[in-house]
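In what follows, a structure is listed as structure tokens, so that the remarks can point back to it.
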Amino acid sequence: FGWDRVGPRMHFFSTVMVCLGSIFSSVWIVVANSWQQTPAGHHVVQMTRDGEPLFRDGMPVLRAEIVDFWALVFNPSTVHRLVHVWIGAFILGAFFIMSISAYYLLRGRHVEFAKRSFAGALLFATLASLAAVVSGHFQARSVYRYQPAKLAAFEAHYRTGPADLSLIGLPDDAGETIRFNLAIPGGLSFLVHDDFDRMVVGLDRFRLADRPPVLLSFASYHVMIGLGMLFILLTVAAAFLHWRRRLFETRFMLWVFVFAVVGPVLANELGWVAAEVGRQPWIVHPPVSWTEEGDLVVGPDGVVVYDESL
């Protein structure tokens, strides 16, 4: 409707404004959710009604109140998670452009425009897919520091000790093992500590009631990572074909990219599933404490006793 009513500069300006608006909107969504994962900048007080302390079933009704706005905004996980969300969105946007461009090329429509669009999106998608690996690495370390039960559920790491990095497998809660496991020996220890032999806290440090659901956490996390590796494979292969000036003549690869946009949609959704299921059973995850030796501070029975008042 408005294509011929405004000039190219206004179109470009509008596009940039939509992009920035989406990015700024994501900031506050991720800040709020990150506070649920790693709360900071608040204190917990008892609610009142008509000036009197409020109780329910004999228990005080509590709420969190902000005492330091910027500590809340820049809580320990905000930056890592926001960067990862942006990268995931950039990958999806680039694959969406490549999907449309590939379809145009296969149908012989808007050929020059489609070639330029595909090439630009391919460069962006390749860089973003590689950046996702780096971002994911730092985010995994942050998860281990502040939500160790979540990372243990992601990897179905049941027993504290040196930990392998599972590639595929089927967690078995009853046997506390991973069936059909294919793993990199010491890989999780290296991911967390840069040392293949270092101890990684397992689910045995947590009461059964305080453990996240392992199967869904494990599956969503590993499928997300598998899709991320596929994005790298696809974009690097396409970049190689483009460098050899054969990409736009390779119809099979173009058809792959027509449908490949489904992958980033799934990866983004599964990332949120992993993040939120891994936070269970908490609405706001309580803090944990560490010993100088790198183990969790635990109670007399050898498991973490969360201080829910914080």
Side-chain angles (χ1 to χ4, degrees), residues 1-30 80-137 139 223-273:
F1 172 77
W3 189 257
D4 296 323
R5 296 173 181 265
V6 297
R9 291 183 179 179
M10 180 56 70
H11 279 297
F12 180 73
F13 176 77
S14 300
T15 301
V16 172
M17 290 301 101
V18 171
C19 176
L20 291 177
S22 301
I23 287 175
F24 288 131
S25 173
S26 71
V27 170
W28 300 113
I29 294 170
V30 173
H80 289 304
R81 299 180 76 244
L82 183 60
V83 169
H84 204 63
V85 165
W86 283 347
I87 291 172
F90 295 157
I91 293 172
L92 174 54
F95 268 79
F96 181 72
I97 292 172
M98 289 189 291
S99 176
I100 296 172
S101 301
Y103 183 80
Y104 279 161
L105 290 167
L106 288 165
R107 291 290 180 258
R109 297 168 55 190
H110 313 296
V111 173
E112 291 305 315
F113 170 77
K115 285 182 177 180
R116 292 197 304 271
S117 297
F118 195 105
L122 176 59
L123 174 61
F124 197 60
T126 305
L127 295 176
S129 297
L130 293 170
V133 176
V134 179
S135 169
H137 172 70
Q139 189 173 346
V223 173
M224 176 194 67
I225 291 177
L227 287 169
M229 296 301 103
L230 179 61
F231 303 154
I232 293 174
L233 178 64
L234 282 176
T235 55
V236 170
F240 175 77
L241 288 174
H242 186 55
W243 175 64
R244 297 297 300 270
R245 302 183 184 278
R246 292 163 42 197
L247 174 60
F248 300 131
E249 288 72 44
T250 308
R251 294 181 64 84
F252 170 76
M253 182 63 82
L254 293 177
W255 275 116
V256 168
F257 275 99
V258 168
F259 297 102
V261 65
V262 175
V265 174
L266 287 175
N268 277 274
E269 294 300 322
L270 288 170
W272 279 106
V273 170

(request) Check ring pair (Phe, Tyr, Trp, His ring centres under 6.0 Å) between His137 and all other residues, then give those that pass, not counting sequence neighbours. (result) none

(message) Within this structure, what is the CZ-CD1 distance for the pair Arg81 and Ile29, rounded to the nearest 0.5 Å?
(response) 11.5 Å

(message) Rounded at 0.5 Å granularity, tell me how far CG in Leu92 sits from CD1 in Ile87.
(response) 14.0 Å

(request) Calculate, to the nearest 0.5 Å, the distance between atoms NE2 and CZ belonging to His11 and Arg5 respectively. (result) 11.0 Å

Output a table of donor-acceptor pairs, distance under 3.5 Å, between side-chain atoms of residues 228-246 and any protein atom two or more places apart or on a different chain; print 'none' if there are none.
{"from": "Thr235", "atom 1": "OG1", "to": "Phe231", "atom 2": "O", "distance (Å)": "2.8"}
{"from": "Thr235", "atom 1": "OG1", "to": "Ile232", "atom 2": "O", "distance (Å)": "3.2"}

(request) Determine which pairs satisfy side chain to side chain donor-acceptor pair (under 3.5 Å) with at least one residue from residues 83-94, sequence neighbours left out, and list them in order. (result) Ser26-Trp86, His84-Ser135

(message) How long is the straight-line distance from NZ of Lys115 back to OG of Ser101, given to the nearest 0.5 Å?
(response) 12.0 Å

(message) Suppose we screen for side-chain contact (heavy atoms from CB on, under 4.5 Å). Which residues come up paired with Arg109, at least two apart in sequence or across chains?
(response) Tyr103, Tyr104, Arg107

Show the atom names and distances, to 0.1 Å, of all donor-acceptor pairs under 3.5 Å that link a side chain in residues 252-270 to residues at least two apart or in another chain.
{"from": "Asn268", "atom 1": "ND2", "to": "Gly88", "atom 2": "O", "distance (Å)": "3.3"}
{"from": "Asn268", "atom 1": "ND2", "to": "Pro264", "atom 2": "O", "distance (Å)": "2.7"}

(request) Measure the shortest side-chain to side-chain distance between Phe13 and Met10 over non-hydrogen atoms and say whether it is less than 4.5 angstrom. (result) yes

(request) Quick one: list whatever passes side-chain contact (heavy atoms from CB on, under 4.5 Å) with Glu249, sequence neighbours left out. (result) none

(message) Would you say that Leu20 contacts Met17 through its side chain, given a criterion of any heavy-atom pair below 4.5 Å between the two side chains?
(response) yes

Would you list the atom pairs, donor with acceptor, under 3.5 Å between side chains in residues 117-125 and any protein atom, with sequence neighbours excluded?
{"from": "Ser117", "atom 1": "OG", "to": "Phe113", "atom 2": "O", "distance (Å)": "3.0"}

(request) Would you please name every residue forming a ring pair (Phe, Tyr, Trp, His ring centres under 6.0 Å) with His80, sequence neighbours left out? (result) none

(request) First locate atom CG of Leu105, then atom CG of Leu247, and finally report the distance between them rounded to the nearest 0.5 Å. (result) 8.5 Å

